[in-house]
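Everything below concerns the one structure shown next.
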Amino acid sequence: MTTDNASTLLARIATAAMLERGLEPEYPPEARRQAEALQLAADPGVRDLTDLPWCSIDDATTRDMDQLTVAETLPSGAVRILVAIADVDALVAKGTPIDDHARRNTTSVYTPARLFAMLPERLSTDLTSLVEGQERLAVVIAYVVAADGSIGESDVYRARVESHAKLAYDDVAAWLESGGPAPLAMTRVAGMDEQIRVQDRVAQALRERRHEQGALDLETLEAQTVMQDGRVVDLFSRKTNRARQLIEDFMIAANGVTARFLDARGLPVFRRVIRSPERWDRVEELAREHGDHLPADPDAGALAEFLVRMRAADPLRFPDLSLSVIKLLGSGEYAVQRPGQSGIGHFGLAVRDYVHSTAPNRRFPDLITQRLLKATLAGRPAPYSLEELDALATQCTIKEDAAQKVERQVRKSAAALFISSRVGEKFDALVTGASEKGTWVRTIRPPIEGKLVRGAGKRHVGQRLSVKLVDTDVERGFIDFEPA
């Protein structure tokens, strides 16, 4: 297969999958015209925080920068964390063509050969992106974290900000975890190294407190595709690290502050929830299959402790156990909390107050929440009626599920394309699924999942075996193995 054919094939598969799942792969002409005409917004009435040592930490190739962070150590020893969120609403007004397209898709869709960005790139990677060295409008979520990881005083306000360093997860993690060299972008800003160390310390305190309250520490293996010159050149499993955890913990805390801020001011809250699992009996059964025990009623703390024991006992198979738990807990959904109502929590994160608010360039729910925040800050009525929010909650849940299915489908096609030249080779593998529908295996290196089409016999999840690749179907993303 030629270089052009490989890239074009995956892009075509992705586009077809978008259409099949009810997503729009292209911007309408009126949205493109609106994007071309947009200019940066200015608002002299907001706070000027451009001198603070803001930085972003994200994937090295990311251009749609949604958030910046900075830490201020207080005389008491506590630390105030500031999270600046790109003010997308300043340029994308409700009901405009760009907003209408974003509302239909509700999310960016990331596939190996093509990115289907929710917003046109002129916005998401430039005008509304918190790019290094450029002043941008932002909504700032501020909260004070004590030494024990508890969150105290908090606030939300608008500001002008400027990123002073664009940092990459892997570079920061190597520096934090193993004493590797400081990232070049960090060394260019005086005091940035100490900034990151303080942020890391606070994030670990936040994380430890959430785990004490029952947050689930899950790990799944999702093969990332490496494209080079239009070809699939590698697949790898992305590992979590301290830099990724730092941003994750700060954003979870910021989302909680946002939910409480809106609720306290009598506004509806567009929540992201995972309800208490209805299939807890199956989670109990899963624990018994692993020689362990869980209580009869849903208990996030007990489940978290079980997962810690399982990770320590069998780290190789832990990602597959994690995936089983995730499926049994059920997928997340969006729900509207009326003013005065008690909110539904997020079982997996062990938090009661949770919204999506920190990625408005990539997710429509975050833009909805941003508009609710800006309305209450300005003393205006909510920009959405309760009926409109209910409809949007259903829409966002459905379209997010569709987007995830598109991403999985194209990843499978990319994996089939990557491994198609190795038919007949043998691989070490683990059984990841065994039912009447078939037996599934995951190879250790590269991390590819496929079906055991012959010789399945009586297999059990977690069993190790050697398999031989017998066939691939790139269009459908099928990869077939048999016992070696």
- Message: Let's go through T69 and Q199 carefully: what are the C-alpha distance in whole Å and the side-chain angles of both, what is the deciding distance for side chain to side chain contact (heavy atoms under 4.5 Å, CB included) to 0.1 Å, and is it a yes or a no?
- Response: CA-CA 8 Å; T69 57; Q199 292 188 33; 2.8 Å; yes
- Query: Yes or no on side chain to side chain contact (heavy atoms under 4.5 Å, CB included) for L130 and V161, after CA distance, side-chain angles and deciding distance?
  - Reply: CA-CA 8 Å; L130 301 179; V161 300; 4.3 Å; yes
- Query: S435 and W440: side chain to side chain contact (heavy atoms under 4.5 Å, CB included), yes or no, with the steps?
  - Reply: CA-CA 9 Å; S435 68; W440 301 87; 5.8 Å; no
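Closest non-hydrogen pair, W280 versus P295, comes out as NE1-O, 2.8 Å. Residues F116 and A14 come closest through the heavy atom pair CE1-CB, 3.7 Å. In terms of heavy atoms, S357 sits closest to D366 at N-OD2, 3.1 Å. Between D66 and T358 the shortest heavy-atom distance is CB-O, 3.4 Å.
Checking T225 against R411 by side-chain atom types alone, no donor-acceptor pair falls below 3.5 Å. Counted by atom type alone, T128 and N361 present one or more donor-acceptor pairs between their side chains at under 3.5 Å. Using modelled atom types and a 3.5 Å distance limit, the side chains of Q204 and D200 yield a donor-acceptor pair. Counted by atom type alone, T111 and E407 present zero donor-acceptor pairs between their side chains at under 3.5 Å. No hydrogens or angles considered: a donor-acceptor pair under 3.5 Å links the side chains of Q337 and D263. For the 3.5 Å distance criterion, the side chains of T432 and E449 qualify, holding a donor opposite an acceptor. Defined by atom type and a distance below 3.5 Å, a donor-acceptor pair is missing between the side-chain atoms of T106 and Q395. A donor atom on one side chain and an acceptor atom on the other are not found under 3.5 Å apart for D64 and S129.
At a threshold of 4.0 Å, the pair D100-R103 does not count as salt-bridged, since none of the basic side-chain nitrogens sits closer than that to a carboxylate oxygen. Using a cut-off of 4.0 Å between Lys/Arg side-chain N and Asp/Glu carboxylate O, R371 and E388 are scored as not salt-bridged. By the 4.0 Å N-to-carboxylate-O rule, R338 lies close enough to D390 to be salt-bridged with it. Salt bridge status for R12 with E475: present, with a side-chain N to carboxylate O gap under 4.0 Å. Salt bridge absent: E132 and K166 never bring a charged side-chain N and a carboxylate O closer than 4.0 Å. Salt-bridge check for K399 with E24: failed, with every basic side-chain N at 4.0 Å or more from each acidic carboxylate O. With respect to E177 and R242, no salt bridge is recorded, no charged nitrogen being found less than 4.0 Å from a carboxylate O. Look at D126 and R136 and you find a salt bridge, because one of the NZ, NE, NH1 or NH2 atoms lies within 4.0 Å of a carboxylate O, short of that distance.
Rounding to the nearest 0.5 Å places CE of M310 at 9.0 Å from CZ of F318. The NE2 atom of H290 sits 10.0 Å away from atom CG of L307, with the distance rounded to the nearest 0.5 Å.
Each of V453, L465, T443 was scored for a side chain to side chain contact (heavy atoms under 4.5 Å, CB included) with F481, with one residue passing: T443.
With sequence neighbours left out, the ring-ring contact (aromatic ring centres under 6.0 Å, His included) criterion links Y169 to no other residue. E400 is linked by a side chain to side chain contact (heavy atoms under 4.5 Å, CB included) to R272, Y334, Q404, counting only residues two or more places apart in sequence or in another chain. Contacts of R288 classified as side chain to side chain contact (heavy atoms under 4.5 Å, CB included), with partners at least two apart in sequence or in another chain: E284, E285.
The 12-atom threshold is not exceeded at NZ of K412, counting heavy atoms of other residues, nucleotides or ligands nearer than 6.0 Å. Annotation: K374, atom NZ; neighbour count of heavy atoms from other residues, nucleotides and ligands within 6.0 Å is above 12.
The closest donor-acceptor contact from the side chain of T8 to the backbone of N5 lies at 3.5 Å or more, if one exists at all. T125 places a side-chain N or O within 3.5 Å of a backbone atom of E121 that can act as its donor or acceptor partner.
Seen from the ring of Y384, K94 counts as a face-on cation partner, given the 6.0 Å and 45° thresholds.
L367 has its side chain within reach of F364: a pair of non-hydrogen atoms, C-beta onward, lies under 4.5 Å apart.
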